[in-house]
Amino acid sequence: MTAVGDAASTADRWGHHTSHFGSFRGRADGDRLQVRPHECDPEPYDLIDNIASGVRHEARVTRPHVRRGWLERGAQSKDLRGRDEFVAVDWDVALDLLAGELRRVYGEFGAAGVFGGSYGWSSAGRFHHAQTQVHRFLNSLGGYVRSVNTYSSGASEVLMPHVAGSHDAVIKQINSWEDLAEHTELLVSFGGVASKNGAVNPGGITSHVQNGWLRKMASNGCRFVLVGPLRDDLLDEIEADWLTPLPGSDLALMIGLAGELVLQDLVDRDFVDRYCSGFAEFEDYLSGSTDGTAKDARWASKICRIEESDIRSLAHAMGTSATMITCSYSLQRIRHGEQMPWMALILAAMTGGIGRPGRGYAHGLGAMGGNGKREAVVPFPSFPQGVNECSDFIPVARIADMLLAPGADYEYNGEVRTYPDVKLVYWAGGNPFHHHQNLFRLQEAFRKPDTVVVHESAWTSTARHADIVLPATMSVERSDIGAARNDSHLMPMQQLIAPYGEARDDFDIFADLAGRLGTAATYTGGRTSDEWVRAMYEHWLGRMSDADMTAPDFESFWQDGPFEMVLRPIRRTLEEFVSDPVANKLNTRSGKIEIVSEVIREFDYDDCPPHPTWTAPVEWLGGRRAESFPIHLIANQPDGKLHSQLDFGSASTRHKRNGREVVRMHPADAAPRSLADGDLVRVWNDRGSCFATVEVTERVMRSVARLPTGAWFDPQVVGGLGTVCVHGNPNVLTADTGTSRLAQACTGQHVLVEITKWEDPVPPVQVHRPPTP
Ligand SMILES: Nc1nc2c(c(=O)[nH]1)N[C@H]1C(S)=C(S)[C@@H](COP(=O)(O)OP(=O)(O)OC[C@H]3O[C@@H](n4cnc5c(=O)[nH]c(N)nc54)[C@H](O)[C@@H]3O)O[C@H]1N2
Ligand SMILES: Nc1nc2c(c(=O)[nH]1)N[C@H]1C(S)=C(S)[C@@H](COP(=O)(O)OP(=O)(O)OC[C@H]3O[C@@H](n4cnc5c(=O)[nH]c(N)nc54)[C@H](O)[C@@H]3O)O[C@H]1N2
Ligand SMILES: [Mo]
């Protein structure tokens with residue numbers, strides 16, 4: 001395959017490429033990469049600028065590195081992990097050392113001694129997907145302890161199969177934008193449909209259409225209700241009623257709305273009888289006949305602090321117009337997070353909208369730019385991972401618990417499980433020191449295993465907590481194919497620039513390791529990476545032809561650029577079930593939507609009752625903890641980047657001020673703290689502190705602050721405080737607690753804090769500079 005950047009003859013050709021945050025064209029001018037939005041994208045985002053400005057940044061990893069203590073004393077030095085220095089070594093030295101350690105660990109402990117969950121977004125590209133590569137490699141050696149579910153919607157992923165038959169049914173197979181634009185009269189959006197989140201889609205997003213569809217809905221007369229703490233969660237130009245319940249109290253608001261639907265006689269009783277199980281019991285909870293408290297607007301108002309009359313009129317509107325209810329993933333990244341998406345589903349069922357034009361339930365509409373888009377009839381294949389011979393797993397967000405307490409029991413989805421005793425942690429394509437909660441606790445956890453291996457393109461905090469760091473290429477430094485199940489195009493990802501320093505593709509690194517360990521044939525399947533990319537395309541061509549569709553041969557595709565996929569017709573959430581609930585019964589115990597789950601009742605969890613039930617979370621303004629920490633911090637997705645990726649890039653740094661992440665708060669909260677826009681502040685609670693620059697704005701509700709995720713964790717000692725993150729990573733503040741014993745999912749979106757002005761000197765952010773000179 002030609003590398004666009006390589007040949008002089010193609011120097012002024014703009015190659016095609018894509019990323020999780022947009023398609024683009026790029027070309028190299030010497031060692032400089034230029035990118036411009038792809039002509040297929042009607043509304044590109046500036047996140048692609050991070051690639052051009054990041055690809056030659058000093059934060060990149062140039063050479064293989066080994067932590068000095070590990071090199072000299074092996075596992076005995078593990079306490080130094082994260083604070084030791086690194087020694088640059090040759091590839092052969094690094095790979096020999098690593099192959100020896102893998103041989104030792106597999107020999108002594110087997111696959112159960114290796115954690116290869118390697119959660120993370122990696123890069124777009126169906127072949128060079130780091131997580132798939134590491135799984136295939138570890139499978140060639142006998143397998144690994146894996147992780148299940150995601151940080152994104154881990155609570156829903158476990159809950160929804162019990163109550164809606166599958167998770168995909170309410171999160172992937174949701175109403176298409178075309179349907180919403182034509183039929184929806186009222187969009188009630190818990191957590192918003194944020195434009196910033198529509199920037200990204202796993203696997204690639206050729207065209208950004210979310211904002212366009214929202215505008216179309218508005219111009220067709222749809223009314224919008226934004227329920228959430230930040231006005232930015234819905235496009236500014238869309239007029240909306242903005243309701244601001246206390247964060248974490250949406251469940252009470254939803255239950256109050258359900259109570260009002262009953263009181264106002266607006267429940268679609270035919271729908272709940274025919275398609276749902278357990279409504280009678282739930283209605284008793286709403287009326288208060290089970291616990292003596294009626295769940296109506298007045299009750300909800302006291303908890304969530306929304307006017308009673310607003311709750312009543314919203315219930316009325318939901319019961320009398322074509323209403324689509326959305327619930328962002330963020331609502332379930334809190335203690336008892338299973339309850340909100342479940343209750344939103346029940347509300348949609350009570351209005352009788354599910355499966356009907358423009359109505360029903362779309363969990364996470366707007367959370368990713370691909371949600372609501374139609375899917376390809378013939379999706380592009382993934383690179384096969386092989387078979388994992390090890391059956392052990394953890395729910396993904398229990399990583400620190402696992403490392404800190406091997407052998408301990410925990411509960412998960414009806415099972416009592418035991419944490420494995422992991423000796424080696426292997427990460428490629430993820431950044432746990434960005435994504436996990438309570439990072440100081442994670443540091444302790446990362447000092448437990450004998451060895452930590454990380455493949456990274458940049459010196460992330462995770463790389464800094466490893467023993468062996470192997471430099472990986474960025475996607476623009478190799479050739480691949482971009483495809484997502486719901487993307488409009490198949491995109492050639494042409495190599496645009498030579499690899500940085502000694503960086504290598506994950507595939508080539510693993511192929512060399514597999515060679516040393518005797519599994520090269522299994523791992524490579526006898527192909528080079530270019531041969532694999534072509535083979536995957538040709539496999540897809542075969543499937544296309546089976547479906548009587550044509551597509552160009554590989555050469556033409558590579559030459560001509562994006563291929564427009566044939567898409568499925570529009571769909572509606574659970575429409576097959578609604579059209580025939582007997583033939584297409586759901587895969588739940590009752591075969592119906594479960595308002596009450598008997599399976600969950602049998603689990604007998606005090607933190608996950610058999611139907612949505614208001615229980616106050618710990619991290620919220622209505623409880624005791626708020627007396628010490630009176631600000632509710634929303635730690636949501638960042639605007640200028642995808643998670644922590646390319647945090648040093650120009651689009652990301654545009655959103656920082658004075659080099660630190662920005663925490664936004666309301667003037668009424670800033671004034672009593674004597675805080676002015678641009679001040680340096682300490683954001684803190686009993687788990688830790690970080691520094692940030694404050695921005696004062698009325699676009700955040702009172703008593704709430706917003707500090708997005710993604711600033712690389714930069715722990716430094718600051719006089720009087722001990723070790724703090726000087727950069728503004730909110731995960732030094734968040735609790736490392738599961739949602740409940742059901743899903744054990746991430747609760748990182750919500751945390752109570754105090755924010756105070758800081759006038760003493762604070763060290764500058766160091767983490768974007770390499771740890772070794
Ligand atoms: N407090 C709080 N925490 C959260 C959340 C929250 O709402 N609040 N949200 C959570 C959510 S939803 C998610 S999905 C997670 C995301 O967490 P992650 O997915 O871990 O975040 P990324 O920054 O995307 O990490 C991907 C890493 O892969 C590296 N990488 C990219 N391409 C390649 C490659 O080709 N090879 C190799 N070897 N490496 C590569 C990048 O440099 C980057 O460091 O964060 C979670 N954390
Ligand atoms: N630009 C950009 N886009 C992204 C990502 C990124 O890193 N960058 N990450 C992607 C990923 S991996 C995922 S999983 C999705 C996540 O999708 P979401 O989870 O939906 O995204 P968030 O930005 O974390 O949260 C959305 C909004 O929910 C609101 N919210 C938080 N708590 C509450 C609450 O208790 N009640 C109400 N009513 N509202 C609340 C917040 O104001 C927040 O801005 O985003 C994706 N999109
Ligand atoms: Mo996510």
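Both ligands and their constituent atoms are indexed starting at 1 by order of listing. Throughout, numbering of the chain's residues begins at 1 and tracks the sequence.
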Just distances here: any N/O of Phe190 and N/O of ligand 2 closer than 3.5 Å? no

Looking at His435, Arg60, Met474, Arg478, the heavy atom closest to atom 17 (O) of ligand 1 belongs to His435

* Find out whether the Lys NZ or Arg CZ of Arg504 is both under 6.0 angstrom from the six-membered ring centre of Trp91 and within 45° of the ring's axis. => yes

among protein heavy atoms, the one nearest atom 8 (N) of ligand 2 is Lys641 O, 2.8 Å

### Message
Any nitrogen or oxygen of Trp121 lying under 3.5 Å from a nitrogen or oxygen in ligand 1? Just yes or no.
### Response
yes

>> Is it the case that the side chains of Asn431 and Thr462 hold a donor-acceptor pair, with the cut-off being a distance below 3.5 Å and no angle test?
In response: yes

So for Thr473 against ligand 1, with non-hydrogen atoms under 4.0 Å, the contacting part is backbone

Would one find an N or O of Pro245, backbone or side chain, under 3.5 Å from an N or O of ligand 2? no

- Would you please determine whether Tyr119 falls within less than 4.0 Å of ligand 1 on a heavy-atom basis? yes

Quick one about Asp647 and Ser644 (side-chain donor to acceptor, distance below 3.5 Å, no hydrogens or angles considered), yes or no?
no

Value for CG (Asp480) from OG (Ser475), rounded to nearest 0.5 Å, stands at 8.0 Å

Result for ring pair (Phe, Tyr, Trp, His ring centres under 6.0 Å) between Trp712 and one of Phe648, Trp459, Phe433 points to Phe648

Report yes if some N/O of His455 lies less than 3.5 Å from some N/O of ligand 1; otherwise report no.
-> yes

The protein heavy atom nearest to atom 37 (C) of ligand 1 is Asp506 OD2, 3.6 Å

In Trp427, Tyr426, Phe137, the residue satisfying ring pair (Phe, Tyr, Trp, His ring centres under 6.0 Å) with His455 is Tyr426

Checking heavy atoms under 4.0 Å, the part of Pro638 that sits near ligand 2 is both

Result for salt bridge (Lys or Arg N to Asp or Glu O under 4.0 Å) between Asp639 and one of Arg706, Arg664, Arg654 points to Arg706

* Asked: Can Ser301 and Glu307 be said to form a side chain to side chain donor-acceptor pair (under 3.5 Å), step by step?
  -> CA-CA 6 Å; Ser301 170; Glu307 294 285 337; over 6 Å; no

Note: ligand 2 atoms sitting under 4.0 Å from heavy atoms of Pro247 are 35 (O)

For atom 31 (C) of ligand 1, the closest protein heavy atom turns out to be Ser123 OG, 3.4 Å

Atom 16 (C) of ligand 2 has as its nearest protein heavy atom Gln637 CG, 3.7 Å

Contact region, Ile334 to ligand 2, non-hydrogen atoms below 4.0 Å, reads neither

Side chains of His57 and Tyr500, donor plus acceptor under 3.5 Å: no

Ligand 2 to Leu230, heavy atom cutoff 4.0 Å, flagged ligand atoms 42 (O), 44 (O)

In this structure, atom 4 (C) of ligand 2 is nearest to the protein heavy atom Val200 CG2, 3.5 Å

Residue, atom and distance of the protein heavy atom nearest atom 33 (C) of ligand 2 read His750 CE1, 3.5 Å

Atom 24 (O) of ligand 1 sits nearest the protein heavy atom Gln645 NE2, 2.8 Å

Check if Gly192 has a non-hydrogen atom at a distance under 4.0 Å from any atom of ligand 2. no

If you scan protein heavy atoms around atom 12 (S) of ligand 1, the nearest is Ser152 CA, 3.4 Å

Return a yes/no value for Ala428: is any of its N or O atoms, backbone included, closer than 3.5 angstrom to an N or O of ligand 1?
-> no

of all protein heavy atoms, closest to atom 36 (N) of ligand 2 is Asp250 OD1, 2.7 Å

Of all protein heavy atoms, the one nearest atom 23 (O) of ligand 2 is Lys196 NZ, 2.6 Å

Atom 26 (C) of ligand 1 sits nearest the protein heavy atom Gly429 O, 3.4 Å

the protein heavy atom lying closest to atom 2 (C) of ligand 1 turns out to be Thr709 CG2, 3.4 Å

Under 4.0 Å between heavy atoms, the region of Ile634 that gets near ligand 2 turns out to be side chain

Only one of Val751, Asp736, Val732, Thr737 passes side-chain contact (heavy atoms from CB on, under 4.5 Å) with Asn438, and that residue is Asp736

of all protein heavy atoms, closest to atom 6 (C) of ligand 1 is Ala635 O, 3.5 Å

The closest protein heavy-atom partner of atom 45 (O) of ligand 2 is Ala367 O, 3.0 Å

Does a donor on one side chain and an acceptor on the other come within less than 3.5 Å for Gln332 and Thr739? no

Ala458 touching ligand 1 at heavy-atom level, < 4.0 angstrom | no

So for Gln749 against ligand 2, with non-hydrogen atoms under 4.0 Å, the contacting part is side chain

Do Asp505 and Thr473 have a side chain donor and acceptor closer than 3.5 Å?
yes

Nearest non-hydrogen contact to atom 40 (C) of ligand 2 from the set Pro229, Pro617, Ser644 belongs to Pro229

Looking only at heavy atoms, the pair that brings Met701 and His666 closest together is O-CB, 4.0 Å

of all protein heavy atoms, closest to atom 11 (C) of ligand 1 is Tyr151 CB, 3.6 Å

Among non-hydrogen protein atoms, atom 28 (O) of ligand 2 lies closest to Ser330 OG, 2.7 Å

Heavy-atom proximity to atom 42 (O) of ligand 2 ranks first, among Leu47, Asp233, Leu365, Asp232, for Asp233

Within the 4.0 Å heavy-atom cut-off, what Asn197 brings close to ligand 2 is both

Short version for Asn431: what comes under 4.0 Å of ligand 1, heavy atoms counted, is both

Closest to atom 5 (C) of ligand 1 by heavy-atom distance, out of His643, Arg333, Glu456, is Arg333

